[in-house]
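Scroll down for the structure; my scribbles are underneath it.
Reminder, nothing fancy here: chain letters follow the sequence lines and each chain counts from 1. Excluded from the calculations below are hydrogen atoms, water molecules and symmetry mates; all remaining heavy atoms, backbone and side chain alike, are included.
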Amino acid sequence: MDIATMLQMLFEGFLVSMQIFAFTLVGAVPLGIVVALLRMSRIAPVRLITRLYISVMRGTPLMLQMFAIYFAPYYVFGIQLSTDSKWYATIVAFIVNYAAYFAEIYRSGIQSIPRGQYEAAEVLGYSRVQTFVHIVLPQVVKRILPAMGNEVITLVKDTSLAFSIGVAEMFSTAKALVASQVSMLPFAIAAAFYWVFNLIVEMVLNAIEKRLDYYHD
Amino acid sequence: MTASQQTSPAPVVTLSGARKAFGDNEVLRGVSLAVKPGEVVAIIGPSGGGKSTLLRCLTLLETLDAGSLSYGDLTVAQDEGGRTRYVKGPELKQARDRFGLVFQNYNLFPHMTVMKNISDAPIRVQKRPRAEAEAEARALIAKMGLEGCEEKVPCQLSGGQQQRVSIARALAMNPEVLYFDEPTSALDPELTAEVLRVIKELAAENMTMVIVTHEMGFARDVADRVIFMDGGVIAEEGPASQVIDHPREARTRAFLSRLEE
């Protein structure tokens with residue numbers, strides 16, 4: 001097999017990895033806000049349940065969570081698993097797992113905003129929602145960006161975990177090629193793909209950071 | 001004197017029998033206060049005497065345990081048998097429209113430009129047209145001597161400039177009474193002077209103001225009435241010439257002599 005064919009196959013796998021990456025971000029970034037707000041709820045039971053959820057998501061392997069979500073419909077509801085099930089289980093597992101991590105980052109950002117900001121907004125008559133959306137959130141974004149950058153870069157590499165459940169993303173392809181071609185080259189190419197993509201992620205993060213650099217507090 | 005000034009006008013804000021405790025610590029122990037339109041009241045006194053808590057109760061940042069509070073004809077909190085009951089949300093919102101507060105440490109929104117800090121609440125909260133709100137903000141910026149700072153963000157300004165922005169931000173809501181919580185305590189003497197000058201100009205324009213301050217000279221210059229608070233009560237009040245220059249109460253004298261040391 002020539003390198004071009006190898007590259008072609010790996011690139012197709014890479015596109016699947018990127019889908020996992022994109023769906024997870026689109027789902028987990030907003031879901032994390034909801035989880036963070038529930039985690040800070042005034043209602044104690046809501047807080048407790050959310051803490052438990054975050055604890056389980058962070059305290060058990062994502063790989064196990066994928067299997068749990070994959071098999072749950074069958075064992076709990078007796079629903080027959082289809083060929084698409086693996087894909088959906090992967091996406092759902094990634095979203096609920098990353099939302100837990102994001103929620104804790106959001107919470108750290110939200111709680112770092114000084115009380116005086118809330119008080120100034122309250123005296124000016126901003127509603128609670130307006131205060132959160134227009135006063136607090138923009139400042140939180142700036143504060144949590146470095147921590148979020150870490151998570152997003154980890155997510156790029158974590159997409160390879162979908163290999164374990166049998167989703168044909170790049171790492172699965174690479175492993176299959178390594179076995180069939182008796183060459184380590186596919187792994188090297190896959191590593192290059194991950195790294196180059198993360199370089200782009202870093203550039204985007206830097207650009208956002210620069211945009212928010214117009215003020216400090 | 002015109003006829004309207006002779007008949008005593010209704011107070012802008014009336015507080016009566018205010019009590020507030022944090023745990024076992026009684027910070028306000030029965031404070032009553034009414035401020036007439038155009039009046040400038042300076043509140044002085046030692047730390048822990050209840051000045052800031054009084055201001056926080058007047059601005060609804062804290063709730064009273066007992067006592068009543070009203071803004072003009074709008075009752076905000078009513079004492080019912082020694083417990084205060086507050087009105088519901090929409091009326092509280094109405095009440096917030098009547099006063100402004102200038103914080104000791106400004107509390108400007110760091111991510112917003114000077115223009116946006118001043119015009120955002122009129123646009124977003126009062127739903128005023130953007131062009132109108134921005135025109136008024138520009139006028140306030142000029143009045144505060146901040147021309148050229150419209151597009152700057154707070155971190156690019158000196159403390160004195162930031163405090164003047166926060167005064168403009170409060171004024172942009174057209175409050176009936178403006179509260180100041182030690183507005184110059186975070187500033188060095190030179191910057192203090194520029195902020196005090198702005199407040200004096202507002203006094204000359206008959207802005208109703210209640211100012212918690214440690215600047216005795218300023219209080220003497222600007223205040224129609226000086227209130228000395230100590231131990232959660234108003235220990236002495238009257239014109240500056242009395243309270244600051246010829247205090248009757250021993251604890252007022254003790255406080256003022258400590259300041260002179």
Side-chain angles (χ1 to χ4, degrees), chain A residues 29-30 32-33 36-37 40-43 102 105-149 204-217, chain B residues 52 55-56 58-62 89-90 92-114 116-128 151-157 162 165-166 168-175 177-181 186:
Chain A
V29 166
I33 297 183
L37 293 176
M40 294 182 289
S41 165
R42 288 180 191 171
I43 307 157
F102 288 168
I105 294 176
Y106 296 157
R107 183 167 71 89
S108 73
I110 292 168
Q111 292 180 339
S112 76
I113 302 299
R115 263 181 72 106
Q117 292 288 302
Y118 291 93
E119 292 183 348
E122 189 180 330
V123 170
L124 286 166
Y126 286 90
S127 69
R128 280 169 60 100
V129 173
Q130 283 174 330
T131 303
F132 184 70
V133 173
H134 300 288
I135 311 291
V136 175
L137 208 50
Q139 298 183 58
V140 167
V141 170
K142 182 181 165 95
R143 289 179 185 217
I144 65 172
L145 212 54
M148 286 298 280
V204 171
L205 288 167
N206 279 336
I208 301 173
E209 217 164 300
K210 224 172 177 158
R211 256 188 83 101
L212 295 175
D213 210 26
Y214 71 93
Y215 80 92
H216 59 82
D217 46 16
Chain B
S52 283
L55 226 50
R56 291 177 64 81
L58 287 167
T59 53
L60 309 176
L61 289 174
E62 298 286 355
L92 278 185
K93 206 169 148 66
Q94 253 188 312
R96 285 202 179 89
D97 227 31
R98 309 226 176 160
F99 60 79
L101 173 61
V102 174
F103 296 85
Q104 180 176 352
N105 51 356
Y106 337 127
N107 289 336
L108 291 175
F109 304 130
H111 59 300
M112 294 184 183
T113 62
V114 167
K116 198 150 184 249
N117 259 290
I118 300 171
S119 63
D120 194 66
I123 293 168
R124 219 180 283 286
V125 176
Q126 293 181 331
K127 312 281 179 215
R128 290 167 59 191
E151 296 310 312
K152 288 188 179 167
V153 283
C155 65
Q156 295 173 297
L157 306 177
Q162 290 192 46
V165 173
S166 90
R169 179 176 69 174
L171 286 172
M173 302 296 279
N174 294 313
V177 53
L178 193 49
Y179 297 108
F180 293 81
D181 189 7

Which portion of [X] sits near chain A, non-hydrogen atoms under 4.5 angstrom:
X: B:Leu92; answer: neither
X: B:Phe103; answer: side chain
X: B:Asp120; answer: both
X: B:Leu101; answer: both
X: B:Arg56; answer: side chain

Notebook entry, point to check: At what distance, to the nearest 0.5 angstrom, does CD of A:Glu119 lie from OG1 of B:Thr59?
Noted result: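 Those atoms lie 8.0 Å apart.
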Notebook entry, point to check: Which distance, rounded to the nearest 0.5 Å, do you find between the CG of B:Asn107 and the CD1 of A:Ile135?
Noted result: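 Atom-to-atom, B:Asn107:CG and A:Ile135:CD1 are 11.0 Å apart.
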For the interface with chain A, which of [options] has the highest count of heavy-atom pairs at distances below 4.5 Å?
options: B:Asp97, B:Leu60, B:Leu61; result: B:Leu61
options: B:Arg169, B:Met173, B:Met112, B:Lys93; result: B:Arg169
options: B:Val153, B:Val125, B:Asn105; result: B:Val125

Next item on the list: Go through the atoms of A:Tyr214 and report whether side chain, backbone, both or neither lie under 4.5 Å from a heavy atom of chain B.
Entry: both
Checklist line | Under 4.5 Å from any heavy atom of chain B - which part of A:Gln130 | finding: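 It is the side chain, since no backbone atom gets that close.
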Check: Looking only at heavy atoms, what is the nearest atom pair of B:Arg96 and A:Gly125, with distance?
Finding: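 Minimum heavy-atom separation between B:Arg96 and A:Gly125: CD-CA, 4.4 Å.
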Item checked: A:Tyr215 side chain to B:Gln156 backbone, donor-acceptor under 3.5 Å ->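 Flag not set: sc A:Tyr215 to bb B:Gln156 has no pair under 3.5 Å.
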Checklist line | Residue, of A:Lys142, A:His134, A:Gln139, that accumulates the most heavy atom pairs under 4.5 Å with chain B | finding: A:His134
Check: How far apart are the C-alpha atoms of B:His111 and A:Leu212, what are their side-chain angles, what is the distance that settles it, and do they pass the side chain to side chain contact (heavy atoms under 4.5 Å, CB included) test?
Finding: CA-CA 9 Å; B:His111 59 300; A:Leu212 295 175; over 6 Å; no
